[in-house]
Amino acid sequence: MSKLTAQGSSLISTMAINDNKAGMEGLNKEKINQIIFEASKGSKFFENEQKKEEQLNQKILEQQTLISSLSPAMLFHGLKEADELIEKLKDCQDLSHTIVHVDMDAFYAAVEMRDDPRLKDKPMAVGGMSMLSTSNYIARKYGVRAAMPGFIALKLCPNLVLVEPNFTKYTSVSQEIREIFAQYDPNFSPMSLDEAYLDLTEHLIYRRGSSNLCRIFLLRLKTDNSSIVVNDLECSCDLNAVLRPSVINLEELKINSVSSENLQEYLNSLDFSNFNLPKDCQVCNKKLPPFSLKLYDTTVEDAVLEMRNRIEQRTFLTASAGIAPNTMLAKVCSDRNKPNGQFQIHPDVQEIEEFMKNLPIRKISGIGKVTEKLLGSLNIGLCSDLYKQRALLYHAFSSLTFQYFMKITLGMGSTSLEKDEERKSLSTERTFAEISDPAQLYEKCAELCQHLAKDLNEEQLMGKTVSLKIKTISFEIKTRSHTLQCYTNDEKIIFNAAKQLLKVEIDSVKQSLLCLRLMGVRMSKLVPQASNQVSIVSMFNQSNRLTSTANRTNTHNFNIQKTDFDEKDFSTSINVLEANVPVLESTMTTRHSQKSLFQKTQSPPKKTTESGMKNSIMKFVSKSERCSDKIANNCYVESNIKVQNNNNLRNLDCENSSSTSLKLQSNSKSNFSNATMQNVSQATLISSVESKQKTFISCPVCGQQKFDWPLDQLNQHMDLCLSRKTIKTILQDEKNSNKRGSVQVENDDSLPSVPKRKKTQIAVDSYFK
DNA sequence: GCGGATCAC
DNA sequence: TATGGTGATCCGC
């Protein structure tokens, strides 16, 4: 009987406990899975998981059918292609960067434990009965982990303490650690509140030329081995902020007379009670704690240790870090010595190869539980297995995925951190107690649209594609989207579109009710809303300054009568002309000549180094489109230019896209190879009858306005605005992030990319003054 | 362009 | 009693 249930629980492979996470080694997995199974079985959620499991098993069967149909010749071909790819990849392997991944240990839980010492020796988790965000290391021993419902966690660990999340606090702590990150890499790339990638390459160059003084930091004396203990009477400010300047400026600290080898010993021997140091903190007025001085070396190990120590001194929280030549490896490394540890893979091909050999594929960011199982059916569990089975993988997966796998076998990953990029979508969704009443569903939809419109307005964004997401009470997820003719962030317009999408779904459930547990609305195809502050990225994407946000209302008309979309309601706020950009053939060689079951279409080529630079310019003068060397000197771009009505500044496009729109189309030749932008010449003004009235034309770069600005003058003016310097900066930026050299394989974008950096304004102290 | 799936956090 | 929210990407139409 128990055997049967155990089998039952293992049936849902994706529901089983995942001991991948740090602090979860050596658990009684069987017992844990049994408890999870007992708590879940029979639920709608469980049934849906079973369904998904069956689908996955079906996919595996199809995959195996495909594999078994491969002839020896085809396998040989796959092998040859794989080996050729691997050779090419090896040729462009870049080990010149030092990438660090820093990850706070059990972040939310650690913050809560820090602020409530009663939690310290208890199993605890942050979250609620329905979902946990994270758990502390004590709770992990019971199998309690992030993304687990609280009620199941309590079954695993009845003494578990659940703590409500406090995101305001986590955000504030995150800001503190980011200020430290910025001192080692001002362009660091945050992934979430608690982790970030840093490129320390430049820091290390400066560091090697720095004086010892720059590498001395204060450490609180620990009363216990594991963590800093602060009492209420003692200052808990960042010692390195409030006291370090005084300490290292002390005349008594005459380190120049001490040799580097003896410096740490000298620092240890110092008795600060003899020094003229403040006794109380100038910030909080509390007594300053006893401390020691630590000298860090110029090596990367010490740089990272220094950074982690400073984080701990400032936040009383520990971080782990991974050091490697690329982001993929650095991420794996940061997990290696968690918690409160670090691990390095040196930029050495042999060492990388050795490291990858026994690494489970699940450790790689981008390989989740589904891919793990899919690969498991091909006897692939370790990264080295990806190499062993490369002939099969060539046939069983898409070109992009195949390349991704081959890069993993070589330990390759991104060597540059993503720059700030514009977001691609914005959404809001809520889970709720079952709703089936259509009126209530529309009401919920309206709330979500209101929320979304507010967010869009706050972020000064407008979008074109509205998506509705629904999850039925049986956990079935559907998305339905509609692309408007115009960009908008108007609540009514968004709701009108979402309402129609919802109506179709409600109507499609014949003779019964659509029962939902979740609804969401998303806006994608975003453009920045115009403002006087013209950013380089947004300048050509600008819409009119006045958009149709005025008529917001909280009352909604649920009267659904039209069966089709009422396009009149979709007002235009921006009019972007279709780009006339020739899409050129890929510069990469086509590898998958024989299409496999899982790969029927060739993925579009990713930008290579050269075209990537142009691409970055294309991005802000037009939609992002591919452009190759061959058309570098003959590249058509589009731009939309703000046109405002003289009289009331209302958005002309907004009223009716066809009759009142005034479009300035610039099919201009732009010579990117000279790194300059040529005139927006040959621009044609397409105006409607109605727009013959006098109009203000604004320069899309500086915003200057003139009545009926002659195009040639406008072009000249824009030339001035778009100075050579600006373009050069952008090209340089792009160059820096693409130092791979031109290769005939898709660049690192084919790896799951580092998510876009959130906009963070951080005051960067100059570390090496 | 759309919808489903997968993934990360 | 009870299994999240946000954003991105890829694949196959």
Side-chain angles (χ1 to χ4, degrees), chain A residues 12 14-15 21 36 39-40 43-49 52 55-56 59 103-104 107-108 127-134 146-155 162 165 167 170 190-196 331 362 364-374 397-401 404 418 421-434 448 451-452 455 464-471 473 475-484 501 517-526 595-604 606 749-758:
Chain A
I12 313 295
T14 53
M15 273 181 71
K21 198 125 182 131
I36 295 175
S40 303
S43 68
K44 298 273 186 193
F45 176 82
F46 184 83
E47 284 170 18
N48 188 254
E49 290 300 307
K52 289 198 302 193
Q55 281 174 5
L56 181 55
K59 197 171 171 183
D103 193 350
M104 299 298 290
F107 185 50
Y108 298 170
M129 284 303 253
S130 46
M131 191 52 62
L132 303 181
S133 293
T134 190
M148 174 181 278
F151 73 91
I152 290 184
L154 279 169
K155 286 193 161 61
L162 289 181
F167 288 103
Y170 311 144
M191 306 295 295
S192 60
L193 290 181
D194 79 316
E195 70 179 81
K331 169 95 183 150
R362 188 68 169 84
I364 276 71
S365 176
I367 297 189
K369 51 191 179 182
V370 172
T371 311
E372 180 188 30
K373 182 164 178 179
L374 218 46
F397 289 89
S398 73
S399 169
L400 208 58
T401 309
Y404 170 61
E418 295 279 317
E421 276 195 37
E422 303 297 310
R423 70 155 71 237
K424 295 186 169 56
S425 71
L426 202 157
S427 70
T428 183
E429 67 184 60
R430 284 293 165 263
T431 293
F432 38 76
E434 175 178 342
L448 290 164
H451 191 298
L452 179 62
D455 286 353
K464 217 178 174 188
T465 301
V466 177
S467 304
L468 177 80
K469 174 178 173 179
I470 57 175
K471 194 194 278 180
I473 53 163
F475 288 86
E476 193 182 1
I477 296 169
K478 279 183 191 163
T479 58
R480 295 291 178 262
S481 61
H482 174 74
T483 300
L484 306 169
L501 294 168
R517 73 184 326 274
L518 171 144
M519 197 186 296
V521 191
R522 172 178 303 261
M523 184 67 95
S524 49
K525 299 239 167 53
L526 301 177
K595 308 288 181 201
S596 74
L597 186 67
F598 297 97
Q599 187 261 317
K600 300 228 167 62
T601 56
Q602 183 70 35
S603 305
K606 294 282 184 177
D749 289 352
S750 62
L751 290 161
S753 61
V754 175
K756 310 304 172 221
R757 185 174 320 176
K758 304 219 170 43

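Quick note: numbers below take in every heavy atom, side chains included, and nothing from hydrogens, waters or symmetry partners. Order of the sequence lines sets the chain letters (A, B, ...), proteins ahead of strands, with each chain counted from 1.
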| Tell me: CG of A:Leu484 to C1' of B:dC2, nearest whole Å? | 15 Å
| remark: Among the nucleotides C:dA8, B:dG4, B:dC2, whichever has the atom closest to the side chain of A:Lys424 is C:dA8
| query | In chain order, what residues pass the ring pair (Phe, Tyr, Trp, His ring centres under 6.0 Å) check against A:Phe107, with sequence neighbours excluded? | reply | none
| task | State whether A:Arg423 places a side-chain N or O below 4.0 Å from either non-bridging phosphate oxygen (OP1 or OP2) of C:dG7. | result | yes
| task | For A:Arg430, answer base if it contacts any base atom (sugar-phosphate contacts may also be present), sugar-phosphate if it contacts only those atoms, and nothing otherwise; contact means non-hydrogen atoms under 4.0 Å. | result | sugar-phosphate
| field | Nearest listed nucleotide, side chain of A:Glu429, among C:dA2, C:dT6, B:dC9 | value | C:dT6
| said: Considering every strand and a 4.0 Å limit on heavy-atom distances, what is the contact class for A:Lys331: base, sugar-phosphate, or nothing? | reply: sugar-phosphate
| So, A:Glu49 and A:Lys52, do they make that salt bridge, N to O below 4.0 Å? | yes
| query | Just checking A:Leu426: base, sugar-phosphate only, or nothing, at a heavy-atom cut-off of under 4.0 Å? | reply | sugar-phosphate
| A:Ser481 side chain, from C-beta outward: closest of C:dA2, B:dG3, C:dG7 | B:dG3
| task | Please report the shortest heavy-atom distance between A:Arg522 and A:Ser425, naming the atom on each side. | result | NH1-OG, 2.6 Å
| query | Looking at C:dA2, C:dG7, B:dC9, which one has an atom nearest to any side-chain atom of A:Glu195? | reply | B:dC9
| message | Regarding A:Ser40, tell me which of base, sugar-phosphate or nothing describes its non-hydrogen contacts under 4.0 Å with the strands shown. | response | base
| Taking OP1 and OP2 of B:dG1, is either one under 4.0 Å from a side-chain nitrogen or oxygen of A:Thr465? | no
| task | With side chain to side chain contact (heavy atoms under 4.5 Å, CB included) as the test, would you mind laying out the steps for A:Ile470 and A:Arg480 before giving the verdict? | result | CA-CA 9 Å; A:Ile470 57 175; A:Arg480 295 291 178 262; over 6 Å; no
| task | Please determine, by modelled atom types, if A:Thr465 and A:Lys525 share a side-chain donor-acceptor pair under 3.5 angstrom. | result | yes
| request: Would you indicate which nucleotide in B:dG3, C:dG7, C:dG4 comes nearest to any side-chain atom of A:Met131? | output: C:dG4
| To the nearest Å, how far apart are A:Arg522 CZ and C:dT9 C1'? | 11 Å
| said: Distance check needed: B:dA8 P versus A:Glu372 CD, whole Å only. | reply: 11 Å
| field | Proximal nucleotide (of B:dG1, B:dG4, C:dG4) relative to the A:Lys478 side chain | value | B:dG4
| According to the interplanar angle, ranging from 0 to 90°, do the rings of A:Tyr170 and A:Tyr108 count as parallel (below 30°), tilted (30 to 60°) or perpendicular (above 60°)? | parallel
| Shortest side-chain distance from A:Ser365, nucleotide among C:dG7, B:dA8, C:dG4 | B:dA8
| said: Please report the distance, rounded to the nearest Å, between CE in A:Met104 and C1' in B:dC9. | reply: 15 Å
| task | Indicate, with a heavy-atom threshold strictly under 4.0 Å, whether A:Lys52 touches base, sugar-phosphate, or nothing. | result | nothing
| remark: When rounded to whole Å, the OH to P distance for the pair A:Tyr404 and C:dA8 reads 18 Å
| task | Return the value, rounded to whole Å, for the distance between atom CG of A:Leu518 and atom P of C:dT6. | result | 9 Å
| remark: Assert: residue with more 5' nearest nucleotide on DNA chain C, out of A:Phe475 and A:Ser425, is A:Phe475
| query | OP1 or OP2 of B:dC2 sitting under 4.0 Å from any side-chain N/O of A:Thr483? | reply | yes
| When all nucleic acid strands are considered with a 4.0 Å heavy-atom cut-off, which category describes A:Ser133: base, sugar-phosphate, or nothing? | nothing
| request: Pick base, sugar-phosphate or nothing for A:Glu49, based on heavy-atom distances below 4.0 Å to the nucleic acid. | output: nothing
| Does A:Ser192 place a side-chain N or O at less than 4.0 Å from the phosphate oxygens OP1/OP2 of B:dA8? | no
| query | Atom NZ of A:Lys469 and atom C1' of B:dG3: how far apart are they, to the nearest Å? | reply | 13 Å
| note | Ranking C:dT6, B:dT6, C:dC10 by distance to the side chain of A:Leu400, first place goes to C:dC10
| query | What integer distance in Å separates A:Met148:CE from B:dC9:C1'? | reply | 17 Å
| In terms of side-chain heavy atoms of A:Thr479, which of B:dG3, B:dC9, B:dC7 is nearest? | B:dG3
| said: For a quick check of understanding: with a heavy-atom distance under 4.0 Å over all strands, which category does A:Ile364 fall into, base, sugar-phosphate or nothing? | reply: sugar-phosphate
| Nearest of B:dG4, C:dG5, B:dC2 to any side-chain atom of A:Thr431? | C:dG5
| task | Please work out if A:Lys369 contacts a base, only the sugar-phosphate, or nothing of the nucleic acid, heavy-atom cut-off 4.0 Å. | result | sugar-phosphate
| note | For A:Met519 and A:Phe432 the tightest heavy-atom approach is N-CE2, 3.4 Å
| OP1 or OP2 of C:dG7 under 4.0 Å from side-chain N/O of A:Ser427 | yes
